[in-house]
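One structure below.
If you read the sequence from its start, that first residue is 1, and numbering goes on from there. The figures here come from the full heavy-atom set of this structure, side chains too, leaving out hydrogens, waters and symmetry mates. Counting convention: from 1, in listed order, for ligands and their atoms alike.
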Amino acid sequence: MKQSELDLFTTSERHQAIWIGKSSAVLPLFALAEVETLLPALRQIIRAAPLRHMITPGGQQMSVALSNCGDLGWVSDRRGYRYTPLDPLSNQPWPALPEVLLELAARAAEAAGFAPFTPDACLINCYVPGNRLSLHQDRDERDYSHPIVSVSLGLPAIFQFGGHQRSDRAQRVSLSHGDVVVWGGEDRLRFHGVLPLKPGEHPRLGQRRINLTLRKAGP
Ligand code: SIN
Ligand code: FE2
């Protein structure tokens, strides 16, 4: 499509939500306009709080490398899953949530019918080809009335969006660079995961996929 044709669409039409549940939507390319502001901010965060492979409570090393920014960061170790105000690697607070991400998350949540939304935690997941995330529920947050906003960058992935039981059939949703998924309300505790990342080379992020999961985890 030529730029002149794109200009005929309003922003909301270009980001037309695709509903994948009663209270869950994919917002195609919703984050694209912010990517060039987001990437340098992420680079700075990862310099202060490096990506690392955490250990699950069962003693397995996670294949996905992760870090966090915001007042709270999600961590896993032999003691369990939880949110902490300090990065256990440095014992320093996690880097601040950049304004561009706060604002993007609030706008995405609003587009899916959840306003206002002020996240205090952003999990940064980095996948390389072959990495997957098995079906799970996000249930370490204090209050499930807040939605989850998930931003995909880099290599495309297949997101699995299941039901309230692990055994429920999961929809497969293709997520590309700049896509945002929002789920909350009655869908807040639905199982979800990511199928093994296919090899590829993304022009901006190379052989990687980065997912940013924004949540309100604390009080
Ligand atoms: C997650 O569920 O924590 C991440 C989902 C994704 O990478 O898209
Ligand atoms: Fe999750």
Side-chain angles (χ1 to χ4, degrees), residues 18 20-21 23-32 35 38 42 46 51-54 56-57 60 62-70 72-76 80-83 94 97 101 104-105 108-109 112 119-144 146-166 168 170-185 187-198 200 202 205 207-217:
I18 298 165
I20 55 171
S23 302
S24 318
V26 177
L27 306 171
L29 307 183
F30 194 89
L32 207 51
V35 168
L38 212 46
L42 278 177
I46 286 166
L51 293 164
R52 78 290 304 263
H53 295 277
M54 290 197 175
T56 65
Q60 305 260 60
M62 293 179 66
S63 69
V64 172
L66 67 83
S67 186
N68 292 280
C69 60
L72 291 169
W74 184 89
V75 301
S76 171
Y81 304 130
R82 64 196 174 281
Y83 282 92
W94 297 102
L97 236 165
L101 205 44
L104 174 67
D120 57 8
C122 174
L123 171 64
I124 303 164
N125 278 138
C126 181
Y127 299 72
V128 295
N131 287 175
R132 62 191 289 265
L133 194 64
S134 50
L135 282 176
H136 65 278
Q137 292 170 297
D138 287 6
R139 51 185 323 151
D140 303 317
E141 300 72 33
R142 188 182 281 240
D143 177 354
Y144 301 144
H146 302 288
I148 293 170
V149 173
S150 162
V151 179
S152 289
L153 300 170
L155 287 177
I158 309 281
F159 180 66
Q160 294 175 289
F161 195 56
H164 284 91
Q165 306 295 325
R166 189 182 296 278
D168 289 345
Q171 302 175 57
R172 291 181 172 197
V173 181
S174 289
L175 295 181
S176 300
H177 182 68
D179 290 348
V180 177
V181 188
V182 181
W183 66 99
D187 294 331
R188 175 63 180 72
L189 288 174
R190 283 174 69 166
F191 277 87
H192 58 280
V194 177
L195 291 181
L197 199 72
K198 292 244 168 67
H202 185 270
L205 279 140
Q207 298 175 23
R208 278 182 300 175
R209 169 178 188 257
I210 293 188
N211 177 263
L212 309 172
T213 308
L214 293 123
R215 309 184 185 103
K216 170 86 178 145

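An N or O contact shorter than 3.5 Å is missing between D138 and ligand 1 by distance.
One distance of note links NE2 of H202 with CD1 of I210; it measures 11.0 Å at 0.5 Å rounding. Distance check: L97 CG to D120 CG gives 8.0 Å after rounding to the nearest 0.5 Å. S150 OG to L212 CG: the interatomic distance, rounded to the nearest 0.5 Å, is 8.0 Å.
A 4.5 Å side-chain heavy-atom check between Y127 and N211 finds at least one atom pair inside the cut-off.
Counting heavy-atom neighbours within 6.0 Å of Q60 CD, excluding the residue itself, gives a total of 12 or less.
The atoms of ligand 1 that sit less than 4.0 Å from any heavy atom of N211 are 4 (C), 5 (C), 6 (C), 7 (O), 8 (O). In the vicinity of Y127, heavy-atom distances shorter than 4.0 Å reach the ligand 1 atoms 4 (C), 5 (C), 6 (C), 7 (O). Which parts of ligand 1 touch R209 is read off a 4.0 Å heavy-atom cut-off, strictly below it: atoms 6 (C), 7 (O), 8 (O). The ligand atoms of ligand 1 that sit less than 4.0 angstrom from a heavy atom of N125 are 3 (O), 4 (C). Applying the 4.0 Å criterion to heavy atoms of H192 picks out, from ligand 1, the atoms 2 (O). Atoms of ligand 1 found under 4.0 Å from any heavy atom of V194 (numbered from 1 in listed order, with element): 5 (C), 6 (C), 7 (O), 8 (O). When each atom of ligand 1 is checked for a heavy atom of L133 under 4.0 Å away, the hits are 1 (C), 2 (O), 3 (O), 4 (C).
No side-chain donor from either of S63 and R132 sits under 3.5 Å from a side-chain acceptor of the other.
Within D138, the N/O/S atom positioned nearest the Fe ion (ligand 2) carries the name OD1.
The NE2 atom of H192 and the NE2 atom of H136 subtend an angle of 90° at the Fe ion (ligand 2), given to the nearest 10 degrees.
Of all the heavy atoms in W94 and G70, the pair that sits closest is CB-O, 3.4 Å.
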